[in-house]
Amino acid sequence: MAAPARPKAISAIREFDLIRKLQQRYSTHSPWVHRSIGDDAAVIAPAKHRRQLLTTDLLAERVHFDLTTATFADIGFRAGVANLSDIAAMGGTPEYLLVSLAIPHSGTRRQVSELYRGMMAACRSHKVRLIGGDTSASASGWFINLTLVGSAIPRHVLLRSGARIGDELYVTGTLGDSLAGLKLLQASQRGTDKRPLTPRHRRFLIRRHLRPTARILEGRWLSAKWATSAIDISDGLSGDLRHICEESRVGAEIYLPALPISPACRFYAKSIKQDPVTLALAGGEDYELLFTVPARRRARFERATAAHRLQITRIGRITPARSGLCMIMQNGQRRLLPFTSFEHFRPTM
Ligand code: ADP
Ligand code: MG
């Protein structure tokens with residue numbers, strides 16, 4: 001029997017080989033990109049009368065992702081969405097991507113190309129162009145750094161600091177799905193996934209974890225007309241709401257019964273005998289937008305979201321800073337919002 005072909009280690013991938021592949025596969029021309037992959041630096045013409053938005057994200061193996069529960073394409077996709085989502089939360093349009101990789105000796109060509117496939121799939125519908133990056137060997141595990149450049153009309157840039165007392169608090173989509181999906185993947189990894197969840201609900205939650213959606217269109221629409229502040233939910237609702245409150249120097253109250261939770265997430269919570277609200281409050285990486293709208297515009301705003309068929313839920317309002325961050329329970333009781341964040345659920349931290 002012939003010995004199985006040994007996967008080609010990254011040390012065998014000459015760096016310029018990789019760069020040439022990336023150039024062939026992804027380089028595009030446009031009047032705004034004078035040079036992309038292939039020179040010492042990319043050369044772009046900044047769009048006139050716009051603000052540039054720059055965001056970067058570093059992902060370390062076993063800290064931010066785990067090769068036992070995600071493929072390289074999934075990891076690339078999620079890395080893309082994490083950056084796109086930051087631009088969405090600023091009300092911007094994503095434009096250019098730079099990718100730096102540190103590749104362990106066990107890394108293969110196929111893994112690198114799957115990673116880019118996932119990243120570019122997340123970016124494709126937004127016409128983001130890959131314009132450069134850097135490549136290194138790693139002595140221990142993968143490191144994946146994305147830098148995304150975008151832009152926005154100056155007066156539309158959405159900050160965390162714009163929330164005002166009395167503003168209504170809203171969120172897009174549903175909360176907690178990604179955490180439920182991650183827990184399902186971890187349970188099946190441990191062989192303890194024997195929960196009575198339908199295959200459809202299971203697939204939905206896992207997809208929400210592995211293939212989240214960055215709310216780019218929503219962010220732009222909100223920033224142009226409605227929102228006073230916004231943040232994307234990457235650490236969990238309670239943690240990210242805290243960021244808005246700190247930056248805006250206000251307090252907030254959220255109505256727990258109003259939190260948007262998908263049927264799949266409710267079933268999952270029931271199956272592990274947990275309150276779905278706990279998942280919705282703590283679950284990070286949903287990449288939904290949390291934002292504020294002035295109270296006097298509430299009726300018009302809600303009519304407009306219905307007309308645009310946007311899934312948006314009012315979950316609370318902004319209060320004076322001295323009231324702190326509160327939650328209002330089903331029975332009307334008011335309590336301080338516990339400080340839980342997605343970090344507490346990470347298996348490796
Ligand atoms: P330098 O030595 O000047 O850093 P490199 O040889 O690292 O140049 O890079 C050559 C070109 O390839 C540059 O345009 C760079 O942006 C691009 N590049 C290098 N690594 C990557 C990568 N992992 N992804 C995308 N582009 C890359
Ligand atoms: Mg380099």
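Just so it is clear, the structure is predicted and the values come from calculations on it, not from any experiment. By convention here, the first residue in the shown sequence is residue 1. All values below come from the heavy atoms of this structure, side chains included, with hydrogens, waters and symmetry mates left out. All ligand and atom numbering here is 1-based and tracks the order in the structure.
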In terms of atom number and element, which parts of ligand 1 are under 4.0 angstrom from non-hydrogen atoms of [X]?
{"X": "V99", "value": "22 (C), 23 (N), 24 (N)"}
{"X": "G132", "value": "16 (O), 25 (C), 26 (N), 27 (C)"}
{"X": "D40", "value": "3 (O)"}
{"X": "L22", "value": "22 (C), 24 (N), 25 (C)"}

Review point. Does the cation-pi check pass for R211 over F77, that is, NZ or CZ under 6.0 Å from the six-membered ring centre and within 45° of its axis?
Key: yes
Point to revise | Nearest candidate to atom 7 (O) of ligand 1, where distance is taken over non-hydrogen atoms, out of D134, L115, L101 | key: D134
Review point. Looking at L289, T305, V293, which hits side-chain contact (heavy atoms from CB on, under 4.5 Å) with I312?
Key: T305
Check your understanding: With L259, which of V277, V171, L279, T313 fulfils side-chain contact (heavy atoms from CB on, under 4.5 Å)?
Key -> V277
Point to revise | Under 3.5 Å side-chain donor-acceptor pair for S248 and S161 | key: no
Review point. For residues T174 and D177, is any side-chain donor paired with an opposing acceptor at under 3.5 Å?
Key: yes
Contact check: [X] vs ligand 1, nitrogen or oxygen atoms, below 3.5 angstrom:
{"X": "G133", "result": "yes"}
{"X": "D39", "result": "yes"}
{"X": "I37", "result": "no"}

Review point. With backbone taken as N, CA, C and O and side chain as the heavy atoms from C-beta onward, which portion of Y116 lies under 4.0 Å from ligand 1: side chain, backbone, both, or neither?
Key: side chain
Check your understanding: Applying a 4.0 Å heavy-atom criterion (strictly less than), which segment of I19 is in contact with ligand 1: side chain, backbone, both, or neither?
Key -> side chain
Point to revise | Salt-bridge present (E288, R208; N to O < 4.0 Å) | key: yes
Review point. Ring centroid separation for Y170 and W226, is it under 6.0 angstrom?
Key: no
